[in-house]
Amino acid sequence: MSSAPIVTRFAPSPTGYLHIGGARTALFNWLFARGRGGKFLLRIEDTDRERSTPEATAAILQGLTWLGLDWDGEAVSQFDRRDRHAEVAHEMLARGTAYKCFSSAEEIAAFRAAREAEGASYAVFQSPWRDADPATYPDAPYAIRMKAPRSGETVIRDSVQGNVTVRNDQLDDMIVLRSDHTPTYMLAVVVDDHDMGVTHVIRGDDHLNNAARQQMVYDAMGWDVPVWAHIPLIHGPDGKKLSKRHGATAVGDYQAQGYPAAGMRNYLTRLGWAKGDAELFDTDEALAMFGLDGIGRSPARLDFKKLESTCGWHIARSEDAALLHEINAYLAAAQRPALTPGQKDLLHKALYCVKDRAKTFPELLEKAHFALTSRPIVPEPAAAAALDTVSRGILKELTLRLQNANWTKAELESILNEVATAHGIGFGKLASPLRAALAGRSATPSVYDMMLVIGQDETIARLQDAAA
RNA sequence: GGCCCGUUCGUCUAUCGGUUAGGACACCAGGUUUUCAACCUGGGAAGAGGGGUUCGACUCCCCUACGGGCUGCCA
């Protein structure tokens, strides 16, 4: 086995919230590294000073944290490393793999226009300074361009896309250091990935073409090229590029909508990746199974139904304490009122009968409404309809019977059945008003479970309220 | 325009030349049931189109169509 530990990284631009697609990229990097005892690093690509904001950085860190994607060490600021980037650009200059280019934006535009006028189908800019004698250099601002090969081809050995060949004459001599001495993204990523010891670059396939130029920088510096893995982007349900009109695109939205983090991880892992028929799994299983070879090559669409189904599975198998903790966090994220100590206690007691019926936290809370609400209970219209005069009379009698009952499921069952039989009605006819009285809803957990959770005194009080 | 990538049920996908093309979500039907769920059983549902290669193609090659990406002194 190789002794070289795996190092991956997630490198978002802090220009907005953490996108669901970015979150999945981070997840893949995290799974790959963590599943193999490697490191997962975080780098904030904040070199675009106009668009980068500290708020966006905070939102990204928060989103990753919510998803449980922990990174090693401190997040690296790309902007802070600008001197190092410039240093490498000058080293390339010294090595003769880069040169000073004095061409102005106007000259470049003119070059392209001229080529197109000649009927060229494309116009890769060719700087006149590429092989110029330094003695002829003017005293003017210059950019540093990489001296890229003009013939031959560059092959990207990609773990997802296979070998991708790009003709070198399709690529221009990209600028590595701007005339204001700031590094370009193309240079910065390569230098940072190299310095951070990144062994596997797993990122969106919108960077696939860039990889060829970046590989040239590695070559120019004599550095080892990392393993590339360009993963397809996520699309909206309609197959179009994900955008705001698709609804939730920020991971924060999903948290605020009450999706459990474990369900999100499971769903996102399966979006564009598969291992046989594995569908539902916890994080440890995902860590053990995940590999680059299971990543698909075509963009996947978001399917909220499947997300919900996956989340339901995770909620049902969550441990109560952890679930409660996550529900409290959800309430805060959704800016809903926090639970009182009494509500927390009752919700905890009610979890066993609600957690396997909910796909999201708001749904779970709705199912647990009977435990969280307090008297007097105002029934919803559908529930109120069940509390007619006859039903109230029966409830009154039931109340009497319950006052001396042992509060066990077995005894409650026999009492309810006796009352129903005595009135010549089916159990459903009795359960319906009882449900309305206890919860004020027409869709609830079993009436027995509700009575057991809220207890004898509260049950009787609610029945008396309803019968009055 | 040029270059690069992609295309299996509605959706996520399995298949790595030979399968009645499998699973999951969703959907439909039935069952269970005190409601809503959950759960159980069954069902419909796919290889973009056209050429090759091969004894044999979803799998390999080419073309077309469609989708996406790149083509910046943005990242």
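Throughout, protein chains are lettered first and strands after them, A, B, ... in sequence-line order, and every chain is numbered starting at 1. Here the structure is a predicted model, which means the values were calculated and not measured. Because only heavy atoms are used, hydrogens play no part in the values below, and waters and symmetry mates are left out as well, while side chains stay in.
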*Asks:* May I ask you to verify whether the side chain of A:Lys306 and the base of B:A24 hold a donor-acceptor pair under 3.5 Å?
*Replies:* yes
*Asks:* Flag this pair as yes if the NZ/CZ of A:Arg82 is under 6.0 angstrom from the six-membered ring centre of A:Phe79 and inside a 45 degree cone about the axis; otherwise no.
*Replies:* yes
*Asks:* If only side-chain N and O atoms count, and only distance matters, is there a donor-acceptor pair under 3.5 Å linking A:Tyr352 with A:Asp449?
*Replies:* yes
*Asks:* Determine the contact category for A:Val166: base if any of its heavy atoms lies under 4.0 Å from a base atom, sugar-phosphate if only primed atoms, P, OP1 or OP2 are that close, otherwise nothing.
*Replies:* nothing
*Asks:* Could you tell me whether the side chain of A:Arg435 has a donor or acceptor atom within less than 3.5 Å of a complementary atom in the base of B:U34?
*Replies:* yes
*Asks:* Is the phosphate of B:A75, meaning OP1 or OP2, less than 4.0 Å from a side-chain N or O of A:Arg178?
*Replies:* yes
*Asks:* Is it the case that the ring center of A:Tyr218 lies less than 6.0 angstrom away from the ring center of A:His194?
*Replies:* no
*Asks:* Given the C1' atoms of B:U53 and B:C63, what is the spacing between them in whole Å?
*Replies:* 15 Å
*Asks:* For A:Ser298, which contact category applies under a 4.0 Å heavy-atom criterion: base, sugar-phosphate, or nothing?
*Replies:* sugar-phosphate
*Asks:* Does A:Thr15 reach a base, just sugar-phosphate, or nothing at all? Heavy atoms under 4.0 Å.
*Replies:* nothing
*Asks:* Return the nucleotide paired to B:C27: Watson-Crick means purine N1 to pyrimidine N3 with N6-O4 or O6-N4, wobble means G-U with N1-O2 and O6-N3, both under 3.5 Å.
*Replies:* B:G43
*Asks:* Do you see a donor-acceptor pair shorter than 3.5 Å between the side chains of A:Ser127 and A:Asp173?
*Replies:* no
*Asks:* Students often get this wrong, so: under 4.0 angstrom with heavy atoms, is A:His230 touching a base, only sugar-phosphate, or nothing?
*Replies:* nothing
*Asks:* Write down the partner of B:C3 under the Watson-Crick or G-U wobble criteria, each distance required to be under 3.5 Å.
*Replies:* B:G69
*Asks:* Sticking with atom P, work out how far B:U8 lies from B:G49, rounded to a whole angstrom.
*Replies:* 11 Å
*Asks:* At under 4.0 Å between heavy atoms, what does A:Arg441 touch on the DNA or RNA strands: base, sugar-phosphate, or nothing?
*Replies:* nothing
*Asks:* Ignoring hydrogens and angles, does a donor from either the side chain of A:Gln170 or the base of B:G2 sit under 3.5 Å from an acceptor on the other?
*Replies:* no
*Asks:* Counting the atoms with a prime plus P, OP1 and OP2 as sugar-phosphate, which does A:Ser103 contact under 4.0 Å by heavy atoms, base, sugar-phosphate, or nothing?
*Replies:* base
*Asks:* For the side chain of A:Leu271, starting at C-beta, report the closest nucleotide among B:U35, B:C12, B:C73.
*Replies:* B:C12
*Asks:* For the side chain of A:Arg167 and the base of B:C3, is some donor closer than 3.5 Å to an acceptor across the two?
*Replies:* no
*Asks:* Between the side-chain atoms of A:Asp277 and the base atoms of B:G22, is any donor-acceptor pair under 3.5 Å?
*Replies:* yes
*Asks:* Please determine whether a side-chain nitrogen or oxygen atom of A:Arg112 lies at a distance below 4.0 Å from atom OP1 or OP2 of B:G72.
*Replies:* yes
*Asks:* For A:Pro445, answer base if it contacts any base atom (sugar-phosphate contacts may also be present), sugar-phosphate if it contacts only those atoms, and nothing otherwise; contact means non-hydrogen atoms under 4.0 Å.
*Replies:* base
*Asks:* Rounded to whole angstrom units, what separation is found between the CZ atom of A:Arg213 and the C1' atom of B:C3?
*Replies:* 11 Å
*Asks:* Applying the Watson-Crick and G-U wobble criteria at under 3.5 Å, what pairs with B:U59? Answer none if nothing qualifies.
*Replies:* none
*Asks:* Look at A:Lys359 and B:A38 and indicate whether a side-chain polar atom (N or O) is within less than 4.0 Å of OP1 or OP2.
*Replies:* yes
*Asks:* For B:A75, take OP1 and OP2 only and decide whether either is under 4.0 Å from a side-chain N or O of A:Thr47.
*Replies:* yes
*Asks:* Counting side-chain heavy atoms from CB outward, which of B:U34, B:A75, B:A26 is closest to A:Ala431?
*Replies:* B:U34
*Asks:* Do we see a donor-acceptor contact under 3.5 Å between the side chains of A:Asn168 and A:Thr154?
*Replies:* yes
*Asks:* Please confirm whether A:Arg145 makes a cation-pi placement over A:Tyr99, using NZ or CZ under 6.0 Å from the six-membered ring centre and within 45° of the ring normal.
*Replies:* no
*Asks:* Would you classify A:Met174 as touching base, sugar-phosphate or nothing, given that sugar-phosphate means primed atoms plus P, OP1 and OP2, and contacts are heavy atoms under 4.0 Å?
*Replies:* nothing
*Asks:* Please determine whether any donor N or O and acceptor N or O are separated by less than 3.5 Å between the side chain of A:Ser442 and the base of B:U35.
*Replies:* no
*Asks:* How long is the straight-line distance from CG of A:Leu387 back to CG of A:Asp465, given to the nearest 0.5 Å?
*Replies:* 11.0 Å
*Asks:* Do we see a donor-acceptor contact under 3.5 Å between the side chains of A:Gln78 and A:Asp192?
*Replies:* yes
*Asks:* As a test of reading the structure: which of B:A75, B:C25, B:C36 is closest to the side chain of A:Ser309, going by heavy atoms?
*Replies:* B:C25
*Asks:* What nucleic acid atoms does A:Tyr448 come within less than 4.0 Å of, heavy atoms only: base, sugar-phosphate, or nothing?
*Replies:* base
*Asks:* Suppose we call a contact any N or O donor and acceptor under 3.5 Å apart; does that hold for the side chain of A:Arg270 and the base of B:C12?
*Replies:* yes
*Asks:* Can you tell which of B:A75, B:C25, B:U35 lies closest to the side chain of A:Asp303?
*Replies:* B:C25
*Asks:* Using a 4.0 Å heavy-atom cut-off across all strands, classify A:Asn210 as base, sugar-phosphate, or nothing.
*Replies:* base
*Asks:* What's A:Gly272 touching, base or sugar-phosphate or nothing? Going by heavy atoms closer than 4.0 Å.
*Replies:* sugar-phosphate
*Asks:* Answer yes or no: side-chain N or O of A:Ser179 and base N or O of B:C73 forming a donor-acceptor pair under 3.5 Å.
*Replies:* yes
*Asks:* Nearest whole Å is fine: how far is B:G72 P from A:Glu50 CD?
*Replies:* 21 Å
*Asks:* Could you give the CG-to-C1' distance, from A:Asp180 to B:C74, as a whole number of Å?
*Replies:* 13 Å
